[in-house]
Structures are given as structure tokens and as C-alpha cells.
Protein chains: 2
Amino acid sequence: MADLNSALLMFISARSAETRIHEAVSAAGYDDLSPAMGRIAAQIAEEGSRVTELADRARITKQSASVLVDQLERAGYVARVPDPADARAKRVTLAPRGREVQQVARRVERAIERDWTRHLGAERMRVLRETLTDLRAITDPYAD
Amino acid sequence: MADLNSALLMFISARSAETRIHEAVSAAGYDDLSPAMGRIAAQIAEEGSRVTELADRARITKQSASVLVDQLERAGYVARVPDPADARAKRVTLAPRGREVQQVARRVERAIERDWTRHLGAERMRVLRETLTDLRAITDPYAD
DNA sequence: TGATATAGTCAGTTCTGCTGACCAATCTGT
DNA sequence: ACAGATTGGTCAGCAGAACTGACTATATCA
């Protein structure tokens with residue numbers, strides 16, 4: 001199976017990582033978290049984030065983000081607190097259960113990086129990351 | 001914005017490519033093709049492919065594939081013809097409209113590869129593809 | 001102060017995928 | 001040769017995740 005295009009090659013490994021994280025989190029007992037909920041929860045900053053901020057970073061509409069935050073809130077992973085600086089806004093903050101699951105997810109992320117490094121070797125892994133980061137200049141419309 | 005994990009870095013560029021292909025195809029007048037329809041149509045072999053085959057290659061269930069082929073058929077991109085070798089099976093073949101759009105899509109794919117190569121340089125692009133291909137060994141559960 | 005922009009929600013819809021149940025044809029082992 | 005298992009495919013029903021459009025409340029700026 002030769003010449004897959006480069007984008008597909010990336011997609012294969014990216015999806016593998018996402019699936020692996022989701023499965024690990026689920027197996028650790030947090031099985032009421034959907035992939036989309038996880039993706040958005042991963043964006044929440046230490047001091048809390050606004051729904052609109054989360055939406056921007058996850059590249060979805062604020063309406064979609066709002067629904068996902070609802071679900072996260074109902075499941076006890078996050079809380080909405082009023083933003084002291086702006087009465088229109090709320091800050092979405094991690095609840096204790098949210099912090100727990102974040103740790104699990106981060107642990108798996110590190111394990112994946114380790115596995116990939118073991119397979120490729122440290123130098124090729126470094127070059128891979130460097131190249132991918134460089135590529136963002138022309139592929140990431142947000143490029144934080 | 002530093003240290004995104006490697007999988008996310010891949011996802012950013014992969015999605016950029018998929019969006020670009022879908023937009024180009026849509027702009028070329030094939031605007032009744034959804035991304036999922038495009039993804040499955042891209043798998044159709046010259047001699048035609050079975051629904052189950054398409055499903056396997058696109059990593060979706062045969063039921064989902066069947067629905068997508070329905071839509072493609074209704075929109076005139078493909079035809080279902082009986083398989084002479086197996087009375088249970090049908091072969092999904094590209095209709096003229098399907099061939100047209102395939103050419104457009106392939107042209108965009110090549111343009112993307114060119115753009116990425118221009119940005120990264122030929123040698124880094126080669127190494128990138130090589131590394132990604134190598135990584136499939138541990139991230140692609142199918143690995144054709 | 002009035003016009004405009006921003007934060008967020010509500011309602012409704014579309015797309016994409018899933019599971020389960022089923023039918024018809026083919027293949028296999030005795 | 002034929003009963004049972006496997007394979008190709010469809011139908012029906014459902015769920016998750018995204019979208020657009022319309023709306024309210026607050027902030028900001030000219």
C-alpha cells in the first residue's frame with residue numbers, strides 16, 4: 001500500500017492517538033465523556049476559559065461549544081462561574097472530577113509520545129515535530 | 001503557542017488538506033458532494049469496488065458505506081452494477097460525473113503536495129513522508 | 001446617548017456514523 | 001449432496017457532533 005497522500009498519512013496516526021486517549025480515559029472509569037467533550041475540556045485554561053474562547057480553540061461554533069459544556073457540566077467535569085470582569089460572560093472551570101481526568105489524559109499523551117519516539121528514534125521524532133510545526137505556517141488558519 | 005502534542009500537529013495539517021479539497025470540488029460545481037461521500041468515492045477502484053470493500057478501506061461499517069453509496073448514486077456519481085462473479089454482490093463503479101470529480105480532487109491533492117514541498121523543501125518533505133509511513137506500523141490497525 | 005459589537009443561549013436541522021435484524025447467495029465439512 | 005456457517009448487502013432506528021439563524025443581555029465607542 002504505497003503512495004497515500006501526506007494528509008492521509010497524518011490522519012491515520014492522529015486518529016490512532018485520539019482513540020487511544022479516549023479509550024484509556026474511558027477504561028479509567030470516566031466513561032461518560034465523549035470524544036468531543038474531551039476535546040473541548042482539553043482546552044480549558046487553569047483560570048477557566050470562556051465558552052467562546054473554547055469554541056475558537058477547538059474550531060467549532062460557540063453554539064456547539066455551549067452544548068458540549070452543558071454536557072460536561074451535567075456530568076460534573078466542569079462548572080460555569082460568572083466572570084467578575086464581564087457580566088455577559090461566564091468562565092468554564094474544571095471541577096475536581098475534571099482535573100482527575102485531565103491527569104489521566106496527559107499521562108496517556110506522554111505515553112504515546114514515548115511510544116512513537118521508541119519506534120522512530122529520538123532524532124527522527126524531533127525532526128518530525130519540527131517539520132509539522134513548521135507546516136502549520138501554511139495549514140493552520142488560526143496559528144495561535 | 002508551543003508544545004502541542006504530535007498527534008494534534010498532524011491533525012491540523014490533515015484537516016487543512018481535507019477542507020481544501022472539499023472546497024475546491026464544491027467550487028468546481030460539485031456542491032452536492034459531502035466530505036464523507038468524497039472520502040468513500042476516493043476509494044473506488046478502476047474496475048469498481050464492492051460496498052464491503054469500500055467500507056473496510058474507509059474504516060466505516062458496511063451499513064454506513066451503503067448509505068453513502070446510495071447518496072452518490074442518487075447524485076449521479078456512481079452506479080451499482082451486479083457482480084458477474086458473485087450473485088450476492090454488486091460492484092460500485094464511477095459514473096462519468098464521478099470520473100470528472102475524481103480528476104478535480106486529484107489535481108488539488110497534487111497542488112497541496114506541491115505547496116507543502118515548496119514550503120518545507122523537497123528533502124524535508126521526503127523525510128516527513130518517510131517518517132509518517134514508518135509510523136503507520138504502530139498506528140494503523142489495518143495497515144493494508 | 002445611541003449604535004454597534006460581544007457573550008451566550010435556544011431552536012431546529014444536517015451529516016455521519018453506529019447497532020441490530022434480516023434476506024439471499026455462497027462456501028465448507030461431513 | 002446438503003445442513004450450517006459465512007459473506008454481501010439492505011432496512012430501520014438511533015446517537016453524537018456539528019451547523020445556521022434568531023434572540024437576550026451587557027459592554028464599548030463615537
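So that the names make sense, note that chain A is the first sequence line, chain B the second, and so on, each numbered from 1.
- Residues B/E123 and B/R126 are paired through a salt bridge, judged by an N-O separation under 4.0 Å between the basic side chain and the carboxylate.
- Applying the salt bridge (Lys or Arg N to Asp or Glu O under 4.0 Å) rule to A/E113 yields the partners A/R129; only residues at least two apart in sequence or on another chain are considered.
- Salt bridge annotation for B/D56-B/R50: absent, with no cationic side-chain nitrogen under 4.0 angstrom from a carboxylate oxygen.
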Between N or O atoms, less than 3.5 Å apart, protein on one side and nucleotides 16-20 of chain D on the other: list the pairs.
residue : atom : partner : partner atom : Å
D/dA17  : OP1  : A/S34   : OG           : 3.1
D/dA17  : OP1  : A/A36   : N            : 3.2
D/dA17  : OP2  : A/S34   : OG           : 2.8
D/dA18  : OP1  : A/R39   : NH1          : 3.2
D/dC19  : OP2  : A/T61   : N            : 2.7
D/dC19  : OP2  : A/T61   : OG1          : 2.9
D/dC19  : OP2  : A/S64   : OG           : 3.1

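- Between B/S66 and D/dG9 there is no side-chain polar atom (N or O) within less than 4.0 angstrom of OP1 or OP2.
- Side-chain contact, B/Y77 with B/E100: no donor N or O sits under 3.5 Å from an acceptor N or O.
- One finds a salt bridge joining B/R99 and B/E46 here, because a Lys/Arg side-chain nitrogen approaches an Asp/Glu carboxylate oxygen to under 4.0 Å.
- Neither side chain, B/S16 nor B/S13, offers a donor N or O lying under 3.5 Å from an acceptor on the other.
- Between the CD1 atom of A/I40 and the P atom of C/dG8 there is a distance of 12 Å, rounded to whole Å.
- Atoms CG (A/D83) and P (C/dT6) sit 16 Å apart, rounded to a whole Å.
- Ion pairing between a basic and an acidic side chain is recognised when a charged N comes within 4.0 Å of a carboxylate O; B/D115 and B/R20 show such pairing.
- Listed for the B/H22 side chain is no donor-acceptor partner under 3.5 Å among the backbone atoms of B/G38.
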Close N/O contacts between protein and nucleotides 26-28 of chain C (under 3.5 Å):
residue : atom : partner : partner atom : Å
C/dT26  : OP1  : B/A87   : N            : 2.9

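- Atom CG in B/D32 sits roughly 11 Å away from atom P in C/dC15 (whole-Å rounding).
- Note: CG (B/D31) to P (C/dC15) measures 12 Å, nearest angstrom.
- An OP1 or OP2 oxygen of C/dT9 is reached within less than 4.0 angstrom by a side-chain nitrogen or oxygen of A/R80.
- Distance CD (A/E73) to C1' (C/dG8): 13 Å, rounded to an integer number of Å.
- At a threshold of 4.0 Å, the pair B/K90-B/D83 does not count as salt-bridged, since none of the basic side-chain nitrogens sits closer than that to a carboxylate oxygen.
- Separating the NZ atom of B/K90 from the P atom of C/dC23 is a distance of 16 Å, rounded to the nearest angstrom.
- In this structure, B/R50 atom CZ and C/dA25 atom P are separated by 15 Å, rounded to whole Å.
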